[in-house]
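The structure appears below as structure tokens.
Here is the naming used below: chain letters follow the sequence lines, and residue numbers restart at 1 for every chain.
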Amino acid sequence: MAGLGVGRAVLFVVPALALIAAFLVFPALWTLYLGVLKYDVTGSNAAAPEFVGLHNYTDALADPQFANSVLLTLAFVGLSAVIGQNGLGFLLAATLRRAAGWVRTLVNATVLLSWILPGTVVVFLWQALLDRNGGTLNALLGTPGAAWTLDHPLATIVVFNVWRGTAFSMLLYSAALDAVPTSHLETARLYGSGPLRTFRDVVLPHIRGHILTNTLLITLWTFNDFTPYMLTGGGPDHRSETLPVYVYRTSIEGGQLGFGSAISLIMLVINLVIALFYLRLLRRRGG
Amino acid sequence: MRRILGDAVVRHVLSRLLLYLFAGLVLVFFALPLLWLVLTPFARTPSFRIPAPSFTLHNFRILLDNPFALRSIGNSLILAGGTALLAVVFAGTAAYALSRVRLPGRDALLYAILLLSSIVTGTAAMVPIFLMLFQLHLIDNRLALILVLTGGLLPSAMFILKDFMDTVPKSYEESARVFGASPLQILRHVVAPVVRPGLATIAVWAVVQVWGNFLLPYILLQQQTKQPAAVIMYTFYDEGGQPNFALISTFSLLYSVPVVAAYLLVNRRYGFRFQGGIKG
């Protein structure tokens, strides 16, 4: 026991566990309960929520807006995280190590800056970039008046999220590539293997675990990201309304708490599936 | 032979060229949105347009005269500092106890709460958390918001700190005990100094997480005087919906500096470390 009695140990653990119970466990369980109620912020169901069983879930599944936001979320996560951040992050990690020191430092610092600045600030920077009349992008491309957020809302949030999150993948892949033994790379070179073959036969087996970890983490983060709301408000006409934005608009803005909870629970289940997958991989790598 | 050598040289030059072309394009893509942040605060006529070179500090006068701007930075400091303090203290004591006492199912418990924290995110739990604080009449209560934020960070913090606690040699504590120190004293005066890098990492990480958090303060605080920097920026518009550029640009700069400084500090002192679930 190393001198710390079980009684004291429990006292040391209780504050942390109490907060976790109150703000993580309880909300998750309450979502389960709220999801079977017709419960609105205003009106007759505000005072006395009515039990409606699985009605909210069938309503959600029948709501074209819900199907729309599931598809949008899939596209958003797939394009911006799984392909965009992953691909660009790896390319940067793999190529910059061969560039001159000052180039590497400059590019690294700029990519990192886009990751560590506060969300509200970067959203405003992107509004300045994409603005219809004075925006930098239109000035550069010579397309005055082009309304990027209105005409291409999904592309806007995808490109934005690649810009915002690539740093993490770049850092993780840099660390992973540093761990590939140089002797193996030397051997491959001596045998005259080209860059693609070297990658497949030498590098890939070493970093496979990191690729999985990275992909799952950025998937989880992008799936739960609320920043698209700050950039496009989910519009125009629901065209960039990912699941978190949909939950916000139906439950907090629209006041349908029961219905919103049903959607939240669906999100929780998707998160659970992604996280379980991640933990399994972690444990397999650890053991 | 000469041709092969020539090919190799051409290939080498081409690959360098491609490399720097790629680096250049990436640099433009990532730097383009940032230019506005660096140039506009000092521009004579700030707008969405990236300004022609000009220099004035007048915009900072407007920032200082705004009744909400500096106060919101103070609010952010309260939220971030309070959360960091609670996260370090609670995660520290819990991680210490879990590291020293062999409770049955301890590792399973740690994994379970880590799993929980990655699935019960701010966006997935916004409805029950909003409703809970609404029914308890705790909307606009900063302490309640700090507790909510701490709850979300504790699992990862405990997980990371337990690794640090495991490395503290037990002999240190035993000799302290021989001299009659209580467990709390041992934790404060013997264990904490040894794991200080871990505690500092958690504190900085908590500050950065809370500093940028928009959603939770947005739904849980309604009084403008209490809102943190992340939320208050959305009020810097005039009646016609036009952004107050002088105010927004200077405020953005002021609000960004602390996270960049925190990052540089951590990076310099401890290097960048990868630990599960961290996003800075």
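Using a 4.5 Å cut-off between heavy atoms, A:A139 makes no contact with chain B at all. Contacts of B:I248 with chain A are made by side-chain atoms alone, with heavy-atom separations under 4.5 Å and no backbone atom involved. Heavy atoms of A:N224 lying under 4.5 Å from chain B belong to its backbone as well as its side chain. Neither the backbone nor the side chain of A:F223 comes within less than 4.5 Å of any heavy atom in chain B. Neither the backbone nor the side chain of A:T227 comes within contact range of chain B, judged by heavy atoms closer than 4.5 Å. For a residue to count as touching a neighbouring chain, one of its non-hydrogen atoms must lie under 4.5 Å from one of that chain's; by this rule B:Y20 touches chain A with the side chain only. In this structure, chain B has a heavy atom under 4.5 Å from the backbone of A:A22, while its side chain stays farther away. For a residue to count as touching a neighbouring chain, one of its non-hydrogen atoms must lie under 4.5 Å from one of that chain's; by this rule A:L91 touches chain B with backbone and side chain alike. At a 4.5 Å heavy-atom cutoff, the contact between A:L24 and chain B is made by backbone and side-chain atoms alike. For chain B, the nearby parts of A:L276 are the backbone and the side chain; heavy atoms of each come within less than 4.5 Å. Contacts of A:R98 with chain B are made by both backbone and side-chain atoms, with heavy-atom separations under 4.5 Å. With a threshold of 4.5 angstrom between heavy atoms, A:V159 approaches chain B through its backbone and through its side chain. Contacts of B:F29 with chain A are made by both backbone and side-chain atoms, with heavy-atom separations under 4.5 Å. For A:I274, no part lies under 4.5 angstrom from a heavy atom of chain B. Residue contact with chain B, scored on non-hydrogen atoms closer than 4.5 Å, involves the side chain of A:V103 exclusively. The contact between A:L268 and chain B is made by backbone and side chain atoms together, counting heavy-atom distances below 4.5 Å. Neither the backbone nor the side chain of A:N138 comes within contact range of chain B, judged by heavy atoms closer than 4.5 Å. Contact annotation for B:Y255: both backbone and side-chain heavy atoms come within less than 4.5 Å of a heavy atom of chain A.
Of all the heavy atoms in B:M158 and A:A16, the pair that sits closest is SD-CB, 3.9 Å. Of all heavy-atom pairs between A:P118 and B:G212, the closest is CB-CA, 4.4 Å. Looking at every heavy atom in both residues, B:L19 comes nearest to A:T95 through CD1-O, 3.4 Å. Residues B:T123 and A:P244 approach most closely at CG2-CB, 3.6 Å, considering heavy atoms. The heavy-atom pair separating B:I119 from A:A275 by the smallest distance is CG2-CB, 3.8 Å. Closest non-hydrogen pair, B:V127 versus A:S261, comes out as CG1-OG, 3.5 Å.
In terms of non-hydrogen atom pairs under 4.5 Å with chain A, the most contact-rich of B:T150, B:N213, B:L116, B:L147 is B:L147. Annotation: maximal heavy-atom pairing with chain A below 4.5 Å, among B:T93, B:L32, B:L86, B:I50, occurs at B:T93. The residue among A:V111, A:T31, A:V269, A:L17 with the most heavy atom pairs within less than 4.5 Å of chain B is A:V111. Of all the listed residues (B:A23, B:A125, B:S118, B:G152), the one sharing the greatest number of non-hydrogen pairs under 4.5 Å with chain A is B:S118. Of the residues considered (B:P155, B:A97, B:P128), B:P128 shows the highest number of contacts with chain A, using heavy-atom pairs under 4.5 Å. When each of A:I270, A:L106, A:L243 is scored by its heavy-atom pairs under 4.5 Å with chain B, the top score falls to A:L106. Ranking A:V13, A:D131, A:V107 against chain B, the residue ahead of the rest is A:D131, based on heavy-atom pairs under 4.5 Å. Residue with the most contacts toward chain B among A:T110, A:L137, A:V273, A:L88: A:T110 (heavy-atom pairs, distance under 4.5 Å). For the set B:L131, B:L98, B:V26, the count of heavy-atom pairs under 4.5 angstrom toward chain A peaks at B:L131. Per-residue counts of heavy-atom pairs under 4.5 Å with chain A were compared for B:P33, B:G151, B:S252; the largest is that of B:P33.
Counting heavy atoms of neighbouring residues, nucleotides and ligands inside a 6.0 Å radius, atom OH of A:Y33 does not exceed 12 of them. Atom OH of B:Y237 sits in a crowded spot, with more than 12 heavy atoms from other residues, nucleotides or ligands closer than 6.0 Å. Within 6.0 Å of atom CZ in A:F277, 12 or fewer heavy atoms from other residues, nucleotides or ligands are found, so the atom counts as exposed in its surroundings.
B:L35 CG to A:L129 CG: the interatomic distance, rounded to the nearest 0.5 Å, is 9.5 Å. To the nearest 0.5 angstrom, B:I113 atom CD1 is 4.0 Å from A:I20 atom CD1. Between atom OG of residue B:S47 and atom CG of residue A:N133 there is a gap of 10.5 Å, rounded to the nearest 0.5 Å. Separating the CZ atom in B:F48 from the CD atom in A:Q127 is a distance of 6.0 Å, to the nearest 0.5 Å. In this structure, OH on B:Y218 lies 7.0 Å from CZ on A:F226, to the nearest 0.5 angstrom.
Between B:L34 and A:L117, the closest side-chain pair of non-hydrogen atoms falls below 4.5 Å. You'll find the side chain of A:V123 stays beyond 4.5 Å of the side chain of B:M233, heavy atoms only. Looking only at side-chain heavy atoms (C-beta outward), B:R49 and A:T136 stay at 4.5 Å or farther from each other. Under the 4.5 Å side-chain criterion, counting only non-hydrogen atoms from C-beta, B:M132 is in contact with A:F23. Side-chain contact check for A:F124 versus B:F245: some heavy-atom pair is nearer than 4.5 Å.
Below 30°, between 30° and 60°, or above 60°: for B:Y96 and A:F12 the angle between ring planes is between 30° and 60°, a tilted geometry. Note on ring orientation: taking the six-membered ring where Trp is involved, the planes of A:W163 and B:F30 are parallel (angle under 30°, cut-offs 30° and 60°).
Just one of B:V260, B:V259, B:L37 meets the side chain to side chain contact (heavy atoms under 4.5 Å, CB included) condition when paired with A:L113; it is B:V260.
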